[in-house]
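First listed ligand is number 1; within each ligand, the first listed atom is number 1.
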Amino acid sequence: MKRDNLQLYFIMGTSNVLIQKPLNVLEKALQSGITMFQFREKGPNTLTGQAYENFAQECQKLCQQYNVPFIVNDDVELAVKLGADGVHIGQEDLPVSMVREKIGSMILGVSVHSQAELQTALQYGADYVGIGPIFATSSKKDAKPPSGTKFLQQVRIQYPELPIVAIGGLNCSNAHTVFKAGADGIAVISAICESEDISNTISTLKSFSILDKKIK
Ligand code: 3NM
């Protein structure tokens, strides 16, 4: 994968979208320029069984149309079954080594919060790491306390070439701080799911990245 893919990483499941249809939100986000998508069906009243699988497949189909990598959160079996572009795991999920074995050369993203977790992720070939929650988030019930940008900054200095995405409470008002701290990109749920103008939100979020600054 390219570091550029992380620039604006949208994460969504049915429980994150209250008023509109989830697939409409995803399509609008794809049209507006998200660079990666994570299917994360967690939280209250989530889909199960065939409905869960069908919804994942519909999300994947849309991502393929827009040439945006489709990443599955946690569910390695589903990712392999659908031929997803990758898997993202947290520290509560299967060990990094086991996931790498199961998914072969697919993209592997790992959430890390400490040096020890970072070293394990790198040892087993994580393609990118997620660092957060940077700010308070209401989208993940078991999120750790907000960490700020200190660890992110440290990891960037330590590994200048490592693909890093920041997550947790990021929005149009604060996203600039994580790009400044060295993130390649931002991962967001509510900033897009709760936006009244997805296209405008996405162009604002992307404008803080050095990738867009180079073009201007
Ligand atoms: N993981 P929002 S924070 C899925 O810290 C997730 O690992 C986090 O949602 C972590 O953009 C988070 O609405 C939720 O804050 C991010």
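In terms of protein heavy atoms, atom 1 (N) of ligand 1 is closest to K140 CD, 3.3 Å. At the top of the distance list for atom 14 (C) of ligand 1, counting protein heavy atoms only, stands T137 OG1, 3.6 Å.
In summary, the atoms of ligand 1 found under 4.0 Å from a heavy atom of S190, numbered by their order in the structure, are 2 (P), 11 (O), 13 (O). Each of the following atoms of ligand 1 lies closer than 4.0 Å to a heavy atom of V188: 11 (O). Residue contact check: P133 has heavy atoms under 4.0 Å from atoms 5 (O) of ligand 1. Residue G132 approaches ligand 1 through these ligand atoms, each under 4.0 Å from one of its heavy atoms: 5 (O).
The shortest N or O to N or O distance between R40 and ligand 1 is not below 3.5 Å. For ligand 1, none of its N or O atoms has an N or O atom of G168 under 3.5 Å away. Of the N or O atoms in H113, none lie within a sub-3.5 Å distance of an N or O in ligand 1. For the pair A136 and ligand 1, the shortest N or O to N or O distance does not fall below 3.5 Å. Taking any N or O of I189, backbone or side chain, at least one lies under 3.5 Å from an N or O belonging to ligand 1. Residue S139 has at least one N or O atom closer than 3.5 Å to an N or O atom of ligand 1.
In terms of hydrophobic clustering, with Ile, Leu, Val, Met, Phe, Trp and Tyr side chains grouped at heavy-atom distances under 4.5 Å, L6 and F10 are assigned to different clusters.
Side-chain N/O atoms of Y124 and E101 include no donor and acceptor closer than 3.5 Å. At a cut-off of 3.5 Å, with distance as the only test, a side-chain donor of Y52 or D75 sits close to an acceptor on the other residue. With 3.5 Å as the limit, one finds a donor-acceptor pair spanning the side chains of Q7 and S209.
Atom CD1 of I11 and atom CZ of R40 lie 7.0 Å apart (nearest 0.5 Å).
By the 4.0 Å heavy-atom criterion, G169 is counted among the residues contacting ligand 1. The shell of residues lying under 4.0 angstrom from ligand 1, judged by heavy atoms, includes I167.
Residue-environment remark: CG (N45) stays at or below the threshold of 12 foreign heavy atoms within 6.0 Å. Atom NZ of K140 sits in a crowded spot, with more than 12 heavy atoms from other residues, nucleotides or ligands closer than 6.0 Å.
Residues L62 and F70 have side chains not in contact (no heavy-atom distance under 4.5 Å, counting atoms from C-beta outward). Taking 4.5 Å as the limit, some side-chain heavy atom of L94 sits within range of a side-chain heavy atom of V76.
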